[in-house]
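Structure record follows, encoded as structure tokens.
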Amino acid sequence: MTDTGNTRLADGEAQAPRPSRLHRLMRYIPLIAPVLLWAVPCGVLLYGGQHWPLPVTAVGTALFALGLVTLPLAMMRGHGRRQQDRAAIVGDTLLGSSWILFTWSVLLGVLLRLALTVAGVGESQDRARIVTWAVLGVTAVLLGWGYTEARRIPRVRELDVELPRLGAGLDGLRVALITDTHYGPLDRARWSERVCETVNTLEADLVCHTGDIADGTAERRRAQALPLGTVQATRARVYVTGNHEYYSEAQGWVDLMDELGWEPLRNRHLLLERGGDTLVVAGVDDVTAESSGLAGHRAHLAGALDGADPDLPVLLLAHQPKFVDRAAADGIDLQLSGHTHGGQIWPFHYLVRIDQPAVAGLSRHGARTLLYTSRGTGFWGPPFRVFAPSEITLLVLRSPHAPTSS
């Protein structure tokens with residue numbers, strides 16, 4: 001008798017698809033990226049035909065080399081096992097600065113030099129030096145503006161969202177959304193207070209936080225998170241975990257939010273009733289939860305909807321937009337997400353788009369499901385936001401069945 005079990009296993013192993021070239025290349029990005037971030041601007045600004053005096057070239061090269069060495073060391077000390085906040089601030093700032101410098105070195109290094117050449121401006125050395133000063137000037141402006149944008153209180157973005165299955169009694173329901181607050185190495189306790197004060201001016205029925213509260217444990221970032229306890233809602237305050245909670249003892253954040261009076265929707269739902277109509281408000285753990293190894297943590301939509309009337313409209317909280325594929329398959333009416341930060345620093349949103357179906361705003365998926373993706377309330381890592389402003393969102397839910405005023 002032949003043992004077919006082992007044969008199938010061997011066949012399965014033999015037929016397992018090999019990683020694509022793209023996936024193999026992705027493994028080396030952490031090694032390649034820092035070199036490119038510093039080497040490309042160094043080449044464009046110092047060795048692109050400028051013919052700077054030797055002391056200028058030497059000092060400039062030394063600064064780029066220092067950045068290349070300091071960035072990975074600071075990131076490892078700041079975000080690795082040691083979790084040193086000062087090192088994290090240095091590493092994050094260098095990361096954001098080098099990304100902006102790299103981006104505009106490439107763009108202006110090619111486009112501006114081409115335009116100057118076509119226009120016949122100066123000699124080759126003159127054009128190269130103009131490019132250098134233009135890159136440095138644009139980078140300085142964007143760093144200053146981007147820092148201000150990251151640290152300010154987000155503007156409120158308000159929009160009406162019509163849900164075909166929403167009952168007339170729920171028309172005008174006000175849902176406030178904050179997400180990706182990312183309390184971290186830079187102390188933002190006062191910023192947190194002002195964000196919560198702004199949310200309270202919205203007079204929301206339901207306030208949602210869709211995860212990534214902080215970078216660090218609940219014990220470590222408690223002071224920055226405490227103002228969340230002052231948020232007011234006429235009906236409920238609900239919260240789901242993001243991927244960053246699973247880097248920092250997620251259960252501690254679930255417990256703290258519960259202590260602050262928020263309802264952690266860990267694969268469960270609650271019912272919001274008004275005017276004789278009902279809305280199911282459900283939430284799932286982040287899609288990274290299961291791989292975290294924490295017992296009972298996983299994204300489980302069926303569990304979140306267990307016991308809910310399938311004829312009722314559903315508002316789902318899920319940290320990452322890509323969960324919308326499962327939401328659409330289940331006929332969810334509206335999913336609220338964050339995670340993307342809108343790219344945070346342009347043009348990073350093009351890379352985000354590879355992993356997520358939406359980067360910001362309202363989008364439709366399948367026959368029924370709407371997805372709203374927030375650009376986030378705070379910022380992760382680099383204290384900059386460039387062409388990706390933060391937001392506090394107010395969604396006013398509309399019913400097609402509500403009587404129209406004459």
Side-chain angles (χ1 to χ4, degrees), residues 25-80 84 86-150 185-186 343-348 350-351 379 381-387:
L25 180 62
M26 292 287 284
R27 298 174 184 173
Y28 298 100
I29 285 181
L31 299 176
I32 299 172
V35 176
L36 291 177
L37 286 177
W38 294 101
V40 170
C42 181
V44 170
L45 303 184
L46 296 177
Y47 297 96
Q50 292 87 350
H51 303 296
W52 299 111
L54 181 59
V56 173
T57 304
V59 171
T61 302
L63 289 174
F64 278 110
L66 181 62
L68 175 59
V69 173
T70 303
L71 173 58
L73 289 178
M75 293 297 284
M76 285 188 292
R77 293 178 72 92
H79 297 286
Q84 295 180 348
R86 289 183 180 179
I89 292 170
V90 171
D92 292 341
T93 303
L94 283 175
L95 178 61
S97 301
S98 61
W99 172 254
I100 294 173
L101 184 60
F102 169 84
T103 298
W104 293 95
S105 293
V106 172
L107 290 179
L108 294 180
V110 174
L111 299 178
L112 180 57
R113 181 170 295 199
L114 178 61
L116 293 173
T117 301
V118 172
V121 176
E123 300 296 328
S124 176
Q125 177 178 295
D126 298 327
R127 293 193 290 269
R129 292 192 176 190
I130 290 173
V131 167
T132 294
W133 290 118
V135 170
L136 293 176
V138 168
T139 298
V141 169
L142 290 179
L143 286 174
W145 176 60
Y147 181 80
T148 301
E149 280 288 295
L186 282 170
Q344 187 164 319
I345 303 177
W346 186 90
F348 196 77
Y350 289 114
L351 297 179
F379 61 86
F384 308 106
R385 273 187 174 270
V386 178
F387 305 130

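We count residues from 1, following the sequence as given.
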Heavy-atom pair of closest approach, residues [X] and [Y]:
{"X": "W38", "Y": "P41", "result": "O-CD, 3.5 Å"}
{"X": "G48", "Y": "A128", "result": "O-CB, 3.5 Å"}
{"X": "A87", "Y": "G78", "result": "CB-N, 3.8 Å"}
{"X": "G96", "Y": "I345", "result": "CA-CD1, 4.2 Å"}
{"X": "L136", "Y": "L45", "result": "CD2-CD1, 3.9 Å"}

Tell me, do [X] and [Y] make a side-chain contact under 4.5 Å, heavy atoms counted?
{"X": "L68", "Y": "F64", "value": "no"}
{"X": "L186", "Y": "D92", "value": "no"}
{"X": "T57", "Y": "Q50", "value": "no"}

Atom [atom1] of [X] and atom [atom2] of [Y]: how far apart are they, to the nearest 0.5 Å?
{"X": "L37", "Y": "I100", "atom1": "CG", "atom2": "CD1", "result": "11.5 Å"}
{"X": "L54", "Y": "T61", "atom1": "CG", "atom2": "OG1", "result": "9.0 Å"}
{"X": "L94", "Y": "L71", "atom1": "CG", "atom2": "CG", "result": "6.0 Å"}
{"X": "L46", "Y": "L63", "atom1": "CG", "atom2": "CG", "result": "9.0 Å"}

For L73, check side-chain contact (heavy atoms from CB on, under 4.5 Å) against everything at least two apart and list the hits.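 Counting only residues at least two positions away or on another chain, L73 forms a side-chain contact (heavy atoms from CB on, under 4.5 Å) with V69, M76.
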Enumerate the side chain to side chain donor-acceptor pair (under 3.5 Å) contacts for residues 99-120, please, sequence neighbours excluded, ordered by first and then second residue.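 Every side chain to side chain donor-acceptor pair (under 3.5 Å) pair that includes a residue of residues 99-120, provided the two are not neighbours, is T117-R127.
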Would you list the atom pairs, donor with acceptor, under 3.5 Å between side chains in residues 141-148 and any protein atom, with sequence neighbours excluded?
residue: Y147; atom: OH; partner: R151; partner atom: NH1; Å: 3.0
residue: T148; atom: OG1; partner: G144; partner atom: O; Å: 3.0

Could you tell me whether a side-chain N or O of [X] sits under 3.5 Å from a main-chain N or O of [Y], the two making a donor and an acceptor?
{"X": "S98", "Y": "L95", "answer": "yes"}
{"X": "R129", "Y": "H51", "answer": "yes"}
{"X": "Q344", "Y": "F384", "answer": "yes"}

